[in-house]
Amino acid sequence: MIPKETAQTIIETARIEDVVGEFVSLKRRGVNLIGLCPFHNEKTPSFNVNPAKNIFKCFGCGKGGDSVTFLMEHEHFTYPEALRYLAKKYGIPIQEEEQTPEMIQQMNEREGLFNVTEFAKNYFVDVLHHNDNGRSIGLSYFKERGFSPAIIEKFQLGYCLDEWDTFSKAAITKGYNADYLVKTGLSVRKDDNSLYDRFRGRVMFPIHNLSGRTIAFGGRTLITDKAKAAKYVNSPECDIYSKSKVLYGLYFSKSAIVQQDACLLVEGYTDVISLHQAGVENVVASSGTSLTTEQIKLISRYTKNIVMLYDGDAAGIKASFRGMDMILKEGLNVRIVLFPDGEDPDSFARSHRSEEVRKFIAEHAVDFIRFKTDILLKEANGDPIKKTALLKDIVSSIALIPDEIARSIYTTECSRILDFPESVLISEINKIFRANFKKQHNEPAENIDAITPETSAIPIEQPIDGNERISTVEREVIRILMNYHQAEIHDPEDANMEKINVAKRIIHEISKDELQFENPLYDLIFQNFSKSEQPIDDNYFLHHENEQIKQLAIDLMSFPHILSENWQEKGITIEKEQENNKLYELVSEALYAFQLCKLEKMIDGFREDLKTETDPDNLQILLAQLVRAECLRVQISNLLGRVVTK
Ligand SMILES: [Zn+2]
């Protein structure tokens, strides 16, 4: 258990921009930061981070919250997990009890799986450095490969002894759950229910999630006889590990990828590690699987530029073709570096100095058109039929690019390299593009947006019926209360008027006419304000225990009016709102609209009653009320009109 005070300290210390920034590349816009939302698929950013309020909000999918919410949503942490993560990040000590075997048993499954992989990682590291066989076999292998002690430590490399069940026994003795050992694939269960170690005699490469927790392993055999053992064995998928969604090394490279605005993509664990050791840190590998769309989307959160580093052999080239098309389809830029015959990124990085590696990549990265034509032209060897096939191949790659400008640049490039009329290429590309477009439109909606023009993240205003109008005006009053309740305003046209507190004015105006909020949530918040004797703190609603109130506060307080660039162009910004004159108008307008709405509803009621009322006295009263209400309505309409047209 984390003590409540500690939890509070953690939440207050955590900076939303730091926490989100680890996972999403953010750019400053005004007082806020924006980026591509990690919770839904989008190509123009609608994900906002507000450092002043310490919260985030996406205007595309609606997700919002504080640092803890973000981690729970993004990393699928539980509440305590999120707090622990933040405590670690900000160096806040948590007084926790030591875990006994009983406590370990009781932990929930996910946490249990994480605990088992964490234990295994530490165990394999310990064996590598402190066990005689670990040192003489595992450590000496890494040293032969030229890995420095620092890089071995950084990537938490380890060794699993070539003994039947040493690891499994050690884990069980420590109280770790046998089921979790089997689920994470670290142990294999035999028919007699006993466990043995999956990774026997292998050097171990832990695979991390974005927050640095170990979620799986790759194990490399040291036996050279390929018939006897697969070179690499990887953890099977489980609740905490889905291999198509993970990139090896991303945890260590994400900041370098953002800094350099490019991501190098390699094939193996050792490619990543050797490049890091050579000082090239913006690199990831799609280990354990061929490149997936999810992995490309993961990269696209950090950069739009991918450079594929592949072996120059035929298999490497074919793999790169497939990867290229997938990357193009996601709207990213792709370049390719082929290594000289017999070299791969790993060997090249080991046999060259950092500068040489960097220089080689920079000088040999070619765009996909140049790359594909060079290779295919060589294959065609002047044969016109083969050349036509080549042309079709390249044209179909270009047709995958969702961005029209990029598509046309590549078309021109292609026409130049192949010495082929551009107009013919354009008509061919358009044909394929239309066919793809049609095909995609028959598919589920989420696949379409690669091609359809980006729709605005802001819902288009629907015609408002009576109830929606009431809801809108009520919401506006609550929004102003939440954001500006502490502000002091005065009528800019009345120099003698004393300043009045926004909350006091709103509460007074609404209470004096005994007007009520129809929406129970708004009513609850209004009551909070009108009954509170002390000024209410902003954080009170943002971290409210009622989830509905908390979400509403995040919606209303995070980015009141910076919804889209469009709005900004109109000059409606939070800064403007806060100025006295604007704020005074805003409060007046909201109150008049609120009163008008309630009045109109009242008038409708009177009219309904008139239809059925038969008693002459009552009729008299009703009529008088109606006339009074109508007069008021006109007055308020005029006031509102004056404010609105100003
Ligand atoms: Zn979103």
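The analysis underlying the following values was restricted to heavy atoms, covering all of them including side chains, and did not include hydrogens, waters or symmetry mates.
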Can you see which heavy atom on Phe529 is nearest to which on His485, and at what distance? CE2-CG, 3.5 Å
Run the numbers on Leu586 and Arg479 for side chain to side chain contact (heavy atoms under 4.5 Å, CB included), then give the verdict. CA-CA 11 Å; Leu586 203 68; Arg479 183 184 77 81; 3.9 Å; yes
Exceeds 12 heavy-atom contacts within 6.0 angstrom, atom CD of Glu294: yes
Would you tell me whether Glu81 and Thr78 have side-chain atoms, one donor and one acceptor, within less than 3.5 Å of each other? yes
Examine distances only and state if a side-chain atom of Asp523 and a backbone atom of Glu518 form a donor-acceptor pair shorter than 3.5 Å. no
For a quick check under 3.5 Å, do Glu42 and Ser46 share a side-chain donor-acceptor pair by atom type? yes
For the pair Asn209 (side chain) and Arg213 (backbone), establish whether a donor and an acceptor sit closer than 3.5 Å, ignoring hydrogens and angles. yes
Applying side chain to side chain contact (heavy atoms under 4.5 Å, CB included) to Ile215 and His208, what does each step give before you reach the verdict? CA-CA 6 Å; Ile215 50 175; His208 303 88; 5.9 Å; no
Taking all atoms of both residues into account, what is the closest heavy-atom pair of Lys499 and His490, and its distance? CE-ND1, 3.6 Å
Mark yes or no for whether Arg407, through its side chain, and Ala399, through its backbone, hold a donor-acceptor pair below 3.5 Å. no
Point-to-point distance, once rounded to the nearest 0.5 Å, from CD of Glu600 to CG of Leu632: 12.0 Å
Can any side-chain N or O of Ser242 pair as donor or acceptor with the backbone N or O of Cys238 at less than 3.5 Å? no
Rounded to the nearest 0.5 Å, what's the gap from CG on Leu619 to CG on Leu610? Could you check? 6.0 Å
Can you name the nearest heavy-atom pair linking Thr69 to Gly64, along with the distance? CG2-O, 3.8 Å
For residues 16-27, please give each side-chain donor-acceptor pair under 3.5 Å, one per line with the distance, not counting sequence neighbours.
residue : atom : partner : partner atom : Å
Asp18   : OD2  : Tyr90   : OH           : 3.2
Glu22   : OE1  : Lys254  : NZ           : 3.3
Glu22   : OE2  : Lys89   : NZ           : 2.7

Around atom CD of Glu630, are there more than 12 heavy atoms of other residues, nucleotides or ligands at under 6.0 Å? yes
Mind listing the closest non-hydrogen atom pair of Pro402 and Leu328 along with its distance? CD-O, 3.3 Å
Under 3.5 Å side-chain donor-acceptor pair for Asn305 and Asn333: yes
Describe, in one word, how the ring planes of Phe594 and Phe517 are oriented to each other, choosing from parallel (under 30°), tilted (30 to 60°) and perpendicular (over 60°). tilted
Go through it in stages, so that I can follow the logic: the residues are Ser511 and Phe526, the test is side chain to side chain contact (heavy atoms under 4.5 Å, CB included), and I'd like the CA-CA distance, side-chain angles, deciding distance and then a yes or no. CA-CA 10 Å; Ser511 311; Phe526 181 76; 4.2 Å; yes
If the condition is side-chain hydrogen bond (donor to acceptor under 3.5 Å, both in side chains), which residues does Lys304 pass it with, not counting sequence neighbours? none
What verdict does the side chain to side chain contact (heavy atoms under 4.5 Å, CB included) test give for Glu75 and Met72, after you've listed the backbone C-alpha separation in whole Å, the side-chain angles of each residue and the deciding distance to 0.1 Å? CA-CA 6 Å; Glu75 294 296 288; Met72 289 171 72; over 6 Å; no
Given 3.5 Å as the limit, does a donor-acceptor pair link the side chain of Arg110 with the main chain of Ile240, or not? no
Can you list the steps and then say if Phe77 with Phe114 is a ring pair (Phe, Tyr, Trp, His ring centres under 6.0 Å)? CA-CA 11 Å; Phe77 285 171; Phe114 274 124; 7.1 Å; no
Within 45° of the axis and under 6.0 Å from the centre of the six-membered ring of Phe606, does NZ or CZ of Arg628 qualify? no
Heavy atoms only: give me the nearest Lys243-Gln295 pair and the separation to one decimal. O-NE2, 3.4 Å
Would you give the length of the straight line joining atom CG of Asn519 to atom CD1 of Ile470, rounded to the nearest 0.5 angstrom? 11.0 Å
Does a side-chain N-to-carboxylate-O contact under 4.0 Å join Glu474 and Lys598? yes
Nearest heavy-atom contact between Asn177 and Asp179 is OD1-N, 2.6 Å
Should we count CZ of Phe39 as having more than 12 external heavy atoms under 6.0 Å? yes
Quick one: pull up OG in Ser67 and CD1 in Ile11 and give me the separation to the nearest 0.5 Å. 9.0 Å
To the nearest 0.5 angstrom, please state how far the CG atom of Asn430 sits from the CD1 atom of Ile432. 9.5 Å
Could you give the distance from CZ (Phe47) to NE2 (His40), rounded to the nearest 0.5 Å? 10.5 Å
Quick one, Ile603 and Leu626 - any side-chain contact, counting heavy atoms below 4.5 Å? yes
